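Reading through the structure tokens given below for one structure.
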2 protein chains.
Amino acid sequence: VVQANEITRVYGEGETAVHALNGCSVGVAHGELTAVMGPSGSGKSTLMHILAGLDRPSSGDVFIEGIDITKLGDNDLTKLRRQHIGFIFQFFNLLPMLTAEENIRLPLDLSGEKPDENWVQEVIKRTGLDDRRTHRPSELSGGQQQRVAIARALASRPTVIFADEPTGNLDSTNSAEILSLLREMVTNYGQTTVMVTHDAHAAAIADRVLFLADGCIVKELRGA
Amino acid sequence: VVQANEITRVYGEGETAVHALNGCSVGVAHGELTAVMGPSGSGKSTLMHILAGLDRPSSGDVFIEGIDITKLGDNDLTKLRRQHIGFIFQFFNLLPMLTAEENIRLPLDLSGEKPDENWVQEVIKRTGLDDRRTHRPSELSGGQQQRVAIARALASRPTVIFADEPTGNLDSTNSAEILSLLREMVTNYGQTTVMVTHDAHAAAIADRVLFLADGCIVKELRGA
Ligand SMILES: Nc1ncnc2c1ncn2[C@@H]1O[C@H](COP(=O)(O)OP(=O)(O)OP(=O)(O)O)[C@@H](O)[C@H]1O
Ligand SMILES: Nc1ncnc2c1ncn2[C@@H]1O[C@H](COP(=O)(O)OP(=O)(O)OP(=O)(O)O)[C@@H](O)[C@H]1O
Ligand SMILES: [Mg+2]
Ligand SMILES: [Mg+2]
């Protein structure tokens with residue numbers, strides 16, 4: 001459902017140029033949970049942003065549902081993202097003037113589609129935010145903000161979810177709850193998920209684990 | 001060196017009031033590494049900010065080196081913080097217009113004291129930032145930003161370091177490097193450190209582990 005070929009991403013130029021991605025090729029099959037691991041600075045977030053159409057590669061192609069997104073204009077790209085992609089940012093990107101619930105509903109409102117109300121309520125409860133709906137991000141703990149970012153991506157049941165270190169700020173209990181929620185979405189609803197993680201428990205529930213180093217995929221493990 | 005008695009912290013009032021801390025008492029002995037663990041939303045960051053004089057409790061006292069900081073005016077409190085306290089924020093609080101190196105040196109420049117140049121260089125190298133000195137936060141990966149926040153607190157060798165989830169965004173290798181660096185500071189230089197963490201490896205290197213739940217310390221373990 002997602003296919004990237006020979007992706008490079010260079011920041012700056014000349015001597016000080018940083019080669020964040022060096023000819024990275026990735027394929028993500030429908031209905032699979034893929035974990036991406038690798039050292040800090042190895043290119044994981046950069047890869048995720050490019051796969052999700054939030055950033056453009058310096059060279060290479062990215063296909064989502066067969067569409068070459070590197071050829072799309074900004075408007076079409078935005079439309080495609082709204083229809084197909086959910087993103088859980090490493091640092092949440094919540095809107096500070098909206099409450100937790102408003103942040104969660106925002107993609108639904110933007111898509112103009114009628115939300116599955118039961119599902120939205122379920123997501124709010126399972127991310128443990130029932131008693132924090134009316135709090136603004138500044139009134140939430142770090143882990144609570146992270147859970148709002150997670151709920152926001154899950155609420156609209158997108159074709160593909162990209163999760164950038166979704167449990168980084170969570171204790172083991174909340175972490176396990178989020179991971180089982182993500183796993184269920186894949187197993188029960190065929191939701192395709194790509195998850196960057198430093199957490200071995202997260203890798204353990206994946207169907208496939210990709211290891212990134214210095215902007216390249218250096219190893220791949222498939223679950224038994 | 002740090003003593004807090006019957007700390008409470010309430011946000012808002014009446015029915016919607018949130019009791020982040022409920023009569024929490026903590027003592028931190030000189031030259032010890034204390035880990036603080038607990039569920040997301042249990043009050044860890046709130047406790048850290050109050051112990052470090054970055055926030056005032058709704059009731060209770062906090063003593064740093066024998067001084068009751070809850071009685072200090074803002075100016076004196078700021079002076080005391082500059083002299084004695086290093087803080088690694090859960091979300092870094094780096095200055096976006098400064099480079100990594102400028103962010104790291106900022107507390108040193110503010111304190112007006114002559115920095116130990118060898119030590120500053122050592123910290124930059126050991127946090128793996130040698131080749132990222134001139135990058136601004138927006139040009140750094142999440143884990144690199146976290147390491148800048150860590151280096152900034154370590155560079156001035158404060159009396160007490162408060163670290164709020166210092167390894168949340170780091171892979172296991174970088175994480176281990178940071179933890180051993182923090183452990184050395186305590187063991188070799190008698191630096192007092194209080195570290196909030198969700199990471200069992202971090203708790204494993206502590207002299208003492210405090211468990212927080214619903215705004216109270218519910219358990220304490222002392223290393224064998
Ligand atoms: N300004 C505020 N207004 C209302 N409630 C607040 C405010 N700030 C924090 N809280 C609440 O206080 C509680 C404790 O927050 P705190 O940030 O200390 O938790 P934490 O243990 O650090 O969590 P985490 O592990 O998720 O970082 C949380 O339930 C949070 O919702
Ligand atoms: N705007 C930029 N200018 C220069 N270099 C950049 C820029 N953005 C990112 N980089 C560099 O690209 C590399 C990859 O960054 P990326 O955020 O993808 O790493 P990551 O694997 O997600 O790391 P982490 O695990 O720390 O989040 C890093 O070395 C970073 O310094
Ligand atoms: Mg990243
Ligand atoms: Mg916190």
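Chain identifiers are assigned alphabetically (A, B, ...) following the order of the sequence lines, protein sequences preceding nucleic acid strands; residue numbering begins at 1 within each chain. Only heavy atoms go into these numbers, but all of them, side chains included; no hydrogens, no water, no symmetry mates. In this text, all values refer to a predicted model and were calculated from it rather than measured experimentally.
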Check whether any side-chain heavy atom of T167(A) lies under 4.5 Å from a side-chain heavy atom of H198(B), and answer yes or no.
no

Side chain / backbone / both / neither for [X] at chain B, heavy atoms under 4.5 Å:
X       : result
Q144(A) : both
F89(A)  : neither
N169(A) : both
Y11(A)  : neither

If you measure from OG1 on T16(B) to NE2 on H135(A), what distance do you get to the nearest 0.5 Å?
7.5 Å

N22(B), CG atom: more than 12 neighbouring heavy atoms under 6.0 Å:
yes

Answer yes or no: does atom CD of E13(A) have more than 12 heavy-atom neighbours from other residues, nucleotides or ligands under 6.0 Å?
no

Report the option among S172(B), G142(B), A200(B) that has the most heavy-atom pairs separated by less than 4.5 Å from atoms of chain A.
G142(B)

Donor-acceptor check, side chain of D171(B) to backbone of S40(A), threshold 3.5 angstrom: yes or no?
yes

